[in-house]
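Notes for the one structure printed next.
Chain letters run A, B, ... following the sequence lines, proteins first, then strands; residues in each count from 1.
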Amino acid sequence: MTYTLTTPLYYVNDKPHLGSAYTTLACDALARYQRLIGERVVLVTGCDEHGLKIQRTAEAAGLTPQAHCDAVSAQYQDLWKRWRISNDRFIRTTDPRHHSLVEQFFRRVESAGDVVEGRQQGWYCVACEEFKDDAHEADDPECPIHRRPLEWRDERNLFFRLSRYQGAIEALIAQPGFISPASRRREVENFVGQGLRDFSISRLNLPWGIPVPGHPDHTFYVWFDALLGYLTALLEPGDPPDLELAVSRGWPARVHVIGKDILRFHAVYWPAMLLSAGLEPPCQVFGHGFLTREGQKMGKSLGNVLDPAVLLDQFGADAVRWYLLRDIAFGEDGDFQQQRFLDLVNNDLANTIGNLLNRTSSMARRWFQESVPPTVEGRSPEHPLALAAAEARQLVLEGMARLDFRQAAEAALQLAIAANGFLNTQTPWSRIKQEEERQSVADDLYAVLEASRQVALLLAPLLPDLSARMMLQLQQQPLESGVMADPAAAATWLDQLRWGGLLSGLELPQPEPVMARLEPIPSP
RNA sequence: GGCUCGGUAGCUCAGCUGGUUAGAGCGUGGGAUUCAUAACCCCAAGGUCGGGAGUUCAAGUCUCCCCCGAGCCA
C-alpha cells in the first residue's frame with residue numbers, strides 16, 4: 001500500500017505565502033514520519049494554474065498566462081527546495097498529462113449521467129472563482145471576502161449532478177476521522193444537510209483552461225480540474241497519461257491536508273466527483289487553521305505579511321518548523337509572535353536540546369578518552385531515562401500518526417528536559433573527583449548521551465536538519481527520511497529507538513553547538 | 001437572521017463524564033550550581049475561570065439570559 005498524502009495545489013496568483021509554507025512543512029513532517037516507519041510514501045504538492053483570475057493577473061502583468069504560471073510555479077518549486085521539502089511529486093495543472101486525465105475523468109462522469117446542461121446566472125467573484133448566492137438585492141454587490149465588485153454572469157454551463165450524491169456524501173462525512181479535526185465536521189454537515197445542489201463545472205469563453213471535450217467554447221471550471229491534479233501527480237515520470245494507471249499508483253490518498261477554507265471542496269465536491277467516476281474518495285481530509293501575526297490577520301493592506309522565504313533566510317528551517325509545529329495545535333488557528341518565536345526556539349532548541357548534547361559530550365570527552373563511556377547500568381531498560389525515552393517514543397509515534405505535531409514535539413522536548421534534570425541531580429562533575437564514583441559517572445553520562453541520541457531520532461521527522469547535526473555529534477548516521485529514503489532500510493528507525501543502541505567506546509567529535517541561539521532582530 | 005466554536009494567570013493555552021488549596025509552557029522575581037551555547041536545575045508571585053441568574057451538599061465544569069470575538073450558512 002502506498003501512503004499518498006497531498007498539500008493543496010497552490011493557486012499561482014501570487015508568490016508563496018506563509019500559509020502555504022505551513023501546510024507544506026507539516027506535510028513534509030508527516031511524510032518523513034511515514035517513511036521512517038517504513039511506508040512507501042508519495043507526497044504530492046504542486047500548483048493550480050487555471051482560471052479567470054490567473055488570466056487576468058497575467059494580463060495585468062503584461063504576460064501570457066503560461067509565462068505567468070511558469071514564473072510563479074518556479075517560485076514554489078524553488079522555495080520548497082530551499083525548505084528541503086521532501087515532496088515526491090510536483091504537479092502543475094498545465095501539465096499536458098493532466099489535460100488528458102481531466103478529459104478521461106470527465107468522460108467517466110459524463111457517461112455516469114452526471115453532467116447536464118444548465119443555466120448559471122448570478123454574481124461571480126473572480127478572486128474566489130465562485131458564484132455568490134447572497135448578493136441579490138444590492139445594485140453593485142461586492143465580495144465580502146475580497147471587497148471587490150462582483151460580476152454578473154448569465155451563461156449556459158455544464159453542471160455536475162452533485163445532488164445525486166446527497167446520501168453518499170452524508171454517509172462519507174459521517175465516518176469518524178474522515179473530516180479532521182472533528183471540530184470541523186459540523187460545518188460540513190450543516191452545509192450538506194441543507195441539500196446539495198448541482199454545480200457548474202465549465203465556463204464559457206474562458207480561454208485559459210482545459211477545453212471540455214465535445215462542448216466547444218467550454219473550458220473546465222478551475223475547481224473541477226484542479227483537484228484532479230492529485231491523481232495526475234501519481235503518475236510516474238515515464239507513465240503514459242492513463243487515469244487507471246494513475247489510480248493504481250497510489251489512490252486513494254490517505255490524507256489531503258488543506259487549509260480550512262477549502263474544506264468543502266475537498267470533503268464534499270471532490271469525493272462526489274470521484275464516486276461519479278467510479279473511484280474511491282480519499283481516506284481523510286484534514287483542515288488546519290490559519291496563521292495570524294501578532295494577533296492580526298496577515299494581509300497586503302496591513303503590510304504585515306510574513307514571507308516564508310525571508311523567514312527561512314533569517315532563522316533557518318529548523319527554527320521555523322519547530323515554532324509552527326510545536327507551538328500551534330495543528331488544526332486550530334495560530335498566532336505568529338516574534339518574541340515567542342525567539343523564546344521558544346532559544347529555550348527548546350538551543351538551551352534545552354542543543355546544550356544538553358553539548359554539555360554531556362563535553363564531559364564524556366574530558367573524562368572518558370573523548371568517547372562514549374563504558375556502562376554497566378546505563379543500558380538497562382529500567383533506567384529512569386530509558387523509561388522517559390520509552391514514554392517519549394510512545395507519544396511521538398502516536399502524535400505523528402494523528403498529525404498532532406505538537407504532542408510529538410513536546411514529547412521529544414520532554415525527554416531532553418528529563419535528561420537535563422537527571423544530570424543536575426547526579427552532578428557528575430563533582431562526583432568524578434572521587435575515583436570510586438567513576439563507573440557510576442560513566443553510567444550516568446552514557447544514559448544521557450543515549451537519551452540525546454533518542455531525542456535526535458525522535459526529532460527526525462520534525463526537524464530533519466537538526467536531527468542530522470545531532471546524530472553527527474554522536475557519531476551516528478543521520479536518518480534519511482527524504483524522497484531517497486529506502487522503505488526497507490527505513491524501518492530501522494524503530495529499531496534504533498530501542499534503548500541502549502549507542503555503543504560505548506565510540507569516539508565523540510569536538511562538541512559544536514547544534515543549534516545557535518537566535519538574536520532578536522530589529523523589526524523589518 | 002440561523003447555526004457552530006471560543007472568552008481560564010502578563011502572553012499562548014490544558015482542564016475527561018460537576019467534587020480536595022484551578023494547571024502547563026513562555027515571560028517576571030528569587031535561589032542553587034559550574035559540566036555546558038550567561039546555558040541547565042529548583043522555588044515563588046500572579047487568576048472574583050467574560051457578566052448575571054439558576055440547578056446541586058458541591059460548578060471553570062450542567063441550564064437559561066446577556067456581552068465580546070471567530071467561523072459557516074442564509
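Under 4.0 angstrom from either OP1 or OP2 of B:A74 there lies at least one side-chain N or O belonging to A:Arg197.
Heavy atoms of other residues, nucleotides or ligands lying less than 6.0 angstrom from CD of A:Gln439 number more than 12.
Comment: A:Asp313 engages A:Arg82 in a salt bridge, judged by a side-chain N to carboxylate O separation of less than 4.0 angstrom. Between A:Asp307 and A:Lys15 there is a salt bridge, since at least one side-chain N of the basic residue sits less than 4.0 Å from a carboxylate O of the acidic one. A salt bridge does not link A:Arg184 with A:Glu187: none of the charged nitrogens is closer than 4.0 Å to a carboxylate oxygen. A salt bridge does not link A:Arg119 with A:Glu155: none of the charged nitrogens is closer than 4.0 Å to a carboxylate oxygen. Salt-bridge formation is not detected for the pair A:Arg84/A:Asp28: no Lys NZ or Arg NE/NH1/NH2 atom is positioned less than 4.0 Å from an Asp or Glu carboxylate oxygen.
Computed from coordinates, the A:Leu342 CG to B:G27 P distance equals 11 Å when rounded to whole Å. Across the protein-nucleic acid pair, A:Gln407 atom CD and B:G25 atom P stand 17 Å apart, rounded to whole Å. If you take CZ of A:Arg326 and C1' of B:A14, they are 13 Å apart, rounded to a whole angstrom. Straight-line distance from the CD atom of A:Gln414 to the P atom of B:A14: 18 Å, rounded to whole Å. Between the CD atom of A:Glu187 and the P atom of B:G6 there is a distance of 14 Å, rounded to whole Å.
Residue pairs meeting the ring pair (Phe, Tyr, Trp, His ring centres under 6.0 Å) criterion with at least one partner in residues 331-365 of chain A, sequence neighbours excluded, are A:Phe315-A:Phe341, A:Tyr323-A:Phe336, A:Tyr323-A:Phe341, A:Phe336-A:Phe341.
By the rule that a glycosidic angle within 90° of 0 means syn, B:G69 does not qualify and counts as anti.
The separation of B:C43 from B:U48, taken at their P atoms, amounts to 25 Å, rounded to a whole angstrom. Across the C1' atoms, B:C35 and B:C41 are found 13 Å apart, a figure rounded to whole Å. When the C1' atom is compared between B:G69 and B:U8, the two are found 16 Å apart, to the nearest whole Å. B:G15 sits 14 Å from B:A9 when the C1' atoms are compared, rounded to a whole Å. Rounded to the nearest Å, the gap between the P atom of B:C11 and that of B:U55 is 34 Å. Between the P atoms of B:U28 and B:A39, the separation comes to 10 Å (whole Å). As rounded to the nearest Å, B:G60 and B:A22 have C1' atoms that lie 8 Å from one another. The separation of B:C5 from B:U61, taken at their P atoms, amounts to 16 Å, rounded to a whole angstrom.
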One pair to check against side-chain hydrogen bond (donor to acceptor under 3.5 Å, both in side chains): A:Ser371 and A:Arg365. What are the steps and the verdict?
CA-CA 5 Å; A:Ser371 48; A:Arg365 280 170 50 90; over 6 Å; no
A:Arg293 and A:Gln337: CA distance, side-chain angles, deciding distance, side-chain hydrogen bond (donor to acceptor under 3.5 Å, both in side chains) verdict
CA-CA 6 Å; A:Arg293 178 180 186 183; A:Gln337 299 177 322; over 6 Å; no
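Annotation: cation-pi pair A:Arg185/A:Phe178 absent, no NZ/CZ under 6.0 Å from the ring centroid and within 45° of its normal. For the pair A:Lys53 and A:Tyr11, the cation-pi test (distance below 6.0 Å, angle within 45°) is failed.
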Exercise answer: donor-acceptor pairs, residues 162-171 of chain A side-chain atoms, under 3.5 Å, sequence neighbours excluded:
| residue | atom | partner | partner atom | Å |
| --- | --- | --- | --- | --- |
| A:Ser163 | OG | A:Asp198 | OD1 | 2.7 |
| A:Arg164 | NH1 | A:Ala112 | O | 3.2 |
| A:Arg164 | NH1 | A:Gly113 | O | 3.2 |
| A:Arg164 | NH1 | A:Asp114 | OD1 | 2.4 |
| A:Tyr165 | OH | A:Asp114 | OD2 | 2.4 |
| A:Gln166 | OE1 | A:Leu196 | N | 2.7 |
| A:Gln166 | NE2 | A:Glu170 | OE2 | 2.7 |
| A:Gln166 | NE2 | A:Val192 | O | 2.9 |

B/S/- along nucleotides 34-46 of chain B (protein heavy atoms under 4.0 Å) is SBBB-SBB-----
Heavy-atom protein contacts under 4.0 Å, nucleotides 8-13 of chain B, coded B base, S sugar-phosphate only, - none:
---SS-
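Among the heavy atoms of the strands lying under 4.0 Å from A:Gln194 are primed sugar atoms or P, OP1, OP2 only; no base atom is included.
Shown for residues 454-475 of chain A: no residue has heavy atoms falling under 4.0 angstrom of RNA chain B.
Using cut-offs of 30° and 60° for the angle between ring planes, the A:Trp499 and A:His383 rings count as parallel.
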Per-residue pairing states of RNA chain B in dot-bracket (Watson-Crick or G-U under 3.5 Å; . unpaired, | other strand) read (((((((..((((.....[...)))).((((.........)))).....(((((..]....)))))))))))).
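Between A:Asn190 and A:Lys297, the one whose closest nucleotide on RNA chain B sits nearer the 5' end is A:Asn190.
Put simply, CG on A:Leu462 and CG on A:Leu25 are 10.0 Å apart, with the number rounded to the nearest 0.5 Å.
Side-chain atoms of A:Ser183 and A:Arg186 include no donor-acceptor pair closer than 3.5 Å.
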